[in-house]
J.: 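One structure is given below, represented as structure tokens, and several questions about it will come after.
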Amino acid sequence: RPKLTSLQLLCQFKDRVDKVSTLTSDLQPFSALPWAVQLPPDPLTSDLGPFGSCAVVSSAGSLRYSGLGKEIDSHDAVLRFNAAPTAGYEKDVGSKTTIRLINSQVMASDDHRFLSSSLYSSGVLVAWDPAPYSADLMQWYNRTDYPIFTQYQRYRRLHPLQPFYILHPHFQWQVWQRIQDNMAEPIQKNPPSSGLLGTILMMSLCEVVHVYEFLPSRRKTELCHYYQRFYDAACTLGAYHPLLYEKNLVKRMNQGSDRDIYTHGRVTLPGFTQLNC
Ligand code: NCC
């Protein structure tokens, strides 16, 4: 099978990953449940954007001492992940947070104090759970990886005005399929990392997307996160998530220069509306 060009790859994502879908209050089987009214009536993509320029800020340790804060904040919208803070790290990662993409582990674990920590209470929240491959929604509901739904309901009661979406598991598996179809060998059947999911999400909301330190710069380090003194190369290379394959694909789609990656850890991707497929 011939390797796709950069544009062909981008177009595959545009055409085959249908509008980033999120759970809405009218979606079956959830619509029958009493708490479904807490879900947004409309999907994320009809409520948010379109934005001009967007930044996706990975949580990589190589952001430390990057001095990228001002550049990151100059974007119209900024996406961050999980428990990644800005307070105390503004110089390197900026302070603007438009969207925070969180996995269900963050919502459930006690250390993250998801319900009470102010880290989560600004911007738009988007959560996802590593639901099993192609399981129907009721099967997922009854057997989520972490208790995403109970935590969602609790959070919504405490912060009823903050926009909060849940990704449809179909989305992560469509993204996974794009990775698999473009790799010669079988990859692990675990969902893509939040990093790639957030990148594709922003490509559907923005004209141009800059992703920071997903492809490591010259600052590449074993420091896992810029905000924690914890060292593990698997954070950058992957273990559970097919992270190395994700990075390979993003490298192939990059419209910026290799120099940008080396100096800024910066990848440039076009928004889907900008593509002529
Ligand atoms: O580490 P995590 O991701 O929160 O990082 C967000 C995204 O940044 C990219 N990244 C991160 C570190 C690094 N050195 N290089 C990187 O490229 C990745 O794309 C990553 O997705 C996740 O994907 O949700 C993940 O979440 C953590 C953890 O659950 C949260 O941080 C909350 O503590 C996972 N770690 C563990 O389960 C121990 C991680 O595997 C994936």
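Computed over heavy atoms, backbone and side chain alike; hydrogens, waters and symmetry mates excluded. None of the values given here were measured: they were computed from a predicted structure.
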J.: Determine, stepwise, if the pair Leu237 / Leu244 fulfils side chain to side chain contact (heavy atoms under 4.5 Å, CB included).
T.: CA-CA 5 Å; Leu237 305 175; Leu244 218 45; 4.0 Å; yes
J.: Do Leu243 and Phe214 come within less than 4.5 Å of each other through their side chains, counting heavy atoms only?
T.: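 Of all side-chain heavy-atom pairs linking Phe214 with Leu243, at least one is under 4.5 Å.
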J.: Hey, any chance Val106 and Tyr227 share a hydrophobic cluster, counting ILVMFWY side chains that come within less than 4.5 Å of each other, even indirectly?
T.: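 The answer is no; the residues belong to distinct hydrophobic clusters.
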J.: Once you round to the nearest 0.5 Å, how far does CZ of Phe171 lie from OG1 of Thr22?
T.: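 Output value for this atom pair is 10.5 Å.
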J.: Determine whether a donor-acceptor pair (N or O, by modelled atom type, separation under 3.5 Å) exists between the side chain of Gln274 and the backbone of Leu269.
T.: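 A pair under 3.5 Å: no.
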J.: Are the side chains of Leu125 and His159 in touch, meaning some heavy atoms are under 4.5 Å apart?
T.: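 A side-chain contact under 4.5 Å is absent here.
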J.: For Gly195 versus Phe81, what's the shortest heavy-atom pair and its separation?
T.: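 Scanning both residues, the minimum pair turns out to be CA-CZ, 3.5 Å.
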J.: Cut-off 3.5 Å, side chains only: do Gln12 and Asp181 have a donor facing an acceptor?
T.: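 Side-chain D/A pair, Gln12 to Asp181: absent.
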J.: With no hydrogens and no angle check, is any side-chain donor or acceptor of Thr98 less than 3.5 Å from a backbone partner on Leu79?
T.: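 No; zero donor-acceptor contacts below 3.5 Å.
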J.: Are the side chains of Asp92 and Tyr226 in touch, meaning some heavy atoms are under 4.5 Å apart?
T.: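 The answer is no; the side chains never approach within 4.5 Å.
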J.: Can you check whether Tyr212 reaches Val93 side chain to side chain, under 4.5 Å on heavy atoms?
T.: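 The answer is no; the side chains never approach within 4.5 Å.
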J.: Distance check, rounded to the nearest 0.5 Å: His225 atom NE2 versus Leu63 atom CG?
T.: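 That separation rounds to 11.0 Å.
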J.: Kindly assign one of parallel, tilted or perpendicular to the pair Trp173 and Trp176, based on the angle between their ring planes and the thresholds 30° and 60°.
T.: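 Plane angle over 60°, so perpendicular.
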J.: So Pro169 and Trp128, do their side chains get closer than 4.5 Å, heavy atoms only?
T.: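 In short, these two side chains do not touch, never coming nearer than 4.5 Å.
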J.: Aromatic rings Phe114 and Tyr120: how do their planes relate, parallel, tilted or perpendicular, breaks at 30° and 60°?
T.: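 Perpendicular, since the angle between the ring planes exceeds 60°.
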J.: Any non-hydrogen side-chain atom of Pro85 less than 4.5 Å from a side-chain atom of Leu119?
T.: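 Yes, close enough: below the 4.5 Å cut-off.
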J.: Check this for me: Tyr240, atom OH, are more than 12 non-hydrogen atoms of other residues, nucleotides or ligands nearer than 6.0 Å?
T.: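 Yes, because the 6.0 Å sphere around OH of Tyr240 holds more than 12 heavy atoms from other groups.
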J.: Quick one: pull up OG in Ser95 and NZ in Lys70 and give me the separation to the nearest 0.5 Å.
T.: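 So the gap between those two atoms works out to 11.0 Å.
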J.: Using modelled atom types and a 3.5 Å cut-off, is there a donor and acceptor pairing between side-chain atoms of Arg100 and backbone atoms of Ser121?
T.: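 Not a single qualifying donor-acceptor pair exists.
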J.: Tell me whether Gln139 contacts the main-chain N or O of Leu137 through its side chain, where contact means a donor paired with an acceptor under 3.5 Å.
T.: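 Answer holds: no.
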J.: When you look at Ile179 and Leu196, which way does the side chain to side chain contact (heavy atoms under 4.5 Å, CB included) test go after all the steps?
T.: CA-CA 10 Å; Ile179 309 172; Leu196 185 64; 3.7 Å; yes
J.: Under 3.5 Å, is there a donor on one side chain and an acceptor on the other for Glu213 and Ser66?
T.: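 Note: Glu213 and Ser66 side chains miss the donor-acceptor criterion.
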J.: Do side-chain atoms of His210 reach the backbone of Cys54 as a donor and acceptor pair under 3.5 angstrom?
T.: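 Checked: no pair found.
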J.: Is it true that Arg156 and Gln153 share a donor-acceptor pair across their side chains at a distance under 3.5 Å?
T.: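 Per modelled atom types, Gln153 and Arg156 side chains form no pair under 3.5 Å.
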J.: Decide side chain to side chain contact (heavy atoms under 4.5 Å, CB included) for Ile102 and Val126; before the verdict, give the C-alpha distance in whole Å, the side-chain angles of both, and the deciding distance to 0.1 Å.
T.: CA-CA 6 Å; Ile102 56 177; Val126 181; over 6 Å; no
J.: Quickly, which of Tyr141, Trp140, Tyr146 forms a side chain to side chain contact (heavy atoms under 4.5 Å, CB included) with Thr144? Name it, please.
T.: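 Running side chain to side chain contact (heavy atoms under 4.5 Å, CB included) over Tyr141, Trp140, Tyr146 with Thr144 returns exactly one hit, Trp140.
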J.: Taking atom CG of Leu205 and atom CD1 of Ile200, what is their separation to the nearest 0.5 Å?
T.: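 Leu205 CG to Ile200 CD1: 12.0 Å, rounded to 0.5 Å.
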J.: Take Lys251 and Asp258, measure what salt bridge (charged side-chain N to carboxylate O under 4.0 Å, His left out) needs, and give me the verdict at the end.
T.: CA-CA 9 Å; Lys251 175 80 173 53; Asp258 286 346; 3.3 Å; yes
J.: Between the side chain of Asn254 and the main-chain N/O of Gly256, is any donor-acceptor distance below 3.5 Å?
T.: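 Checked: pair present.
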J.: Around atom CD of Gln162, are there more than 12 heavy atoms of other residues, nucleotides or ligands at under 6.0 Å?
T.: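 Check passes, neighbour count above 12.
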J.: In the single-linkage hydrophobic clustering (I, L, V, M, F, W, Y; side-chain heavy atoms under 4.5 Å), do Tyr262 and Leu68 co-cluster?
T.: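 Tyr262 does not cluster with Leu68.
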J.: I need the Arg178 CZ to Leu249 CG distance, nearest 0.5 Å.
T.: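 Answer rounded to 0.5 Å: 9.5 Å.
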J.: Would His168 and Leu23 satisfy side chain to side chain contact (heavy atoms under 4.5 Å, CB included), going step by step from the backbone distance to the final call?
T.: CA-CA 6 Å; His168 194 301; Leu23 308 185; 4.1 Å; yes
J.: Distance only, no hydrogens: is a donor on one side chain within 3.5 Å (strictly under) of an acceptor on the other, for Ser6 and Gln255?
T.: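 There is such a pair (donor and acceptor under 3.5 Å, judged by atom type) between the side chains of Ser6 and Gln255.
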J.: Tell me if a side-chain donor or acceptor on Gln180 pairs with a main-chain N or O of Glu185 at a distance below 3.5 Å.
T.: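 Flag set: sc Gln180 to bb Glu185 pair under 3.5 Å.
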J.: In the single-linkage hydrophobic clustering (I, L, V, M, F, W, Y; side-chain heavy atoms under 4.5 Å), do Met203 and Phe13 co-cluster?
T.: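 Both belong to a single hydrophobic cluster.
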J.: Could you tell me which non-hydrogen atom of Met202 sits nearest to which non-hydrogen atom of Val56, and how far apart they are?
T.: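 Nearest pair, atom of Met202 first, then Val56: CG-CG2, 3.7 Å.
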J.: Scan side-chain atoms only and decide if Tyr155 and Gln38 contain a donor-acceptor pair under the 3.5 Å cut-off.
T.: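 Judged by distance alone, the side chains do not pair up.
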J.: Linking I/L/V/M/F/W/Y whenever any side-chain heavy atoms sit under 4.5 Å apart, do Leu4 and Val267 land together?
T.: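 Yes; Val267 is reachable from Leu4 via cluster members.
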J.: Counting only N and O atoms by type, is there a donor-acceptor contact under 3.5 Å from the side chain of Thr263 to the main-chain atoms of Arg259?
T.: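 Confirmed, Thr263 side chain pairs with Arg259 backbone.
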J.: Looking only at heavy atoms, what is the nearest atom pair of Ser104 and Asp129, with distance?
T.: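 Of all heavy-atom pairs spanning Ser104 and Asp129, the closest is OG-OD1, 2.6 Å.
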J.: Do the side chains of Leu197 and Leu101 get nearer than 4.5 Å, heavy atoms only?
T.: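 With C-beta onward as the side chain, the pair touches.
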J.: Tell me whether Phe51 shares a hydrophobic cluster with Tyr165, the cluster being built from Ile, Leu, Val, Met, Phe, Trp, Tyr side chains joined at under 4.5 Å.
T.: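 Yes: a chain of side-chain contacts under 4.5 Å links Phe51 to Tyr165.
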J.: Do you know the tightest heavy-atom contact between Ser74 and Glu71?
T.: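 Heavy atoms only, the tightest pair is OG-O, 2.7 Å.
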J.: Anything under 30° is parallel, anything over 60° is perpendicular, the rest tilted; go ahead and classify Phe30 against Trp35.
T.: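 Correct class here is tilted.
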J.: Are side-chain heavy atoms of Leu10 and Pro270 found at a separation under 4.5 Å?
T.: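 With C-beta onward as the side chain, the pair touches.
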J.: Which atoms form the tightest heavy-atom contact between Ile72 and Val78, and what is the distance?
T.: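 Ile72 and Val78 have their closest heavy atoms at O-CG2, 3.6 Å.
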J.: If you measure from CZ on Arg218 to NZ on Lys220, what distance do you get to the nearest 0.5 Å?
T.: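 Arg218 atom CZ to Lys220 atom NZ measures 15.5 Å (nearest 0.5 Å).
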J.: Just by modelled atom types, is the Gln105 backbone N or O under 3.5 Å from a matching donor or acceptor in the Asp145 side chain?
T.: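 Such a contact is absent between Asp145 side chain and Gln105 backbone.
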J.: Any ion pair linking Arg266 and Asp260 (charged N to carboxylate O, less than 4.0 Å)?
T.: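 Arg266 and Asp260: salt-bridged.
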J.: Tell me if a side-chain donor or acceptor on Arg143 pairs with a main-chain N or O of Ala131 at a distance below 3.5 Å.
T.: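 Checked: no pair found.
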J.: Quick check: closest heavy atoms across Lys247 and Leu215, and the distance to 0.1 Å?
T.: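 Heavy-atom minimum between the residues: O-CD2, 3.4 Å.
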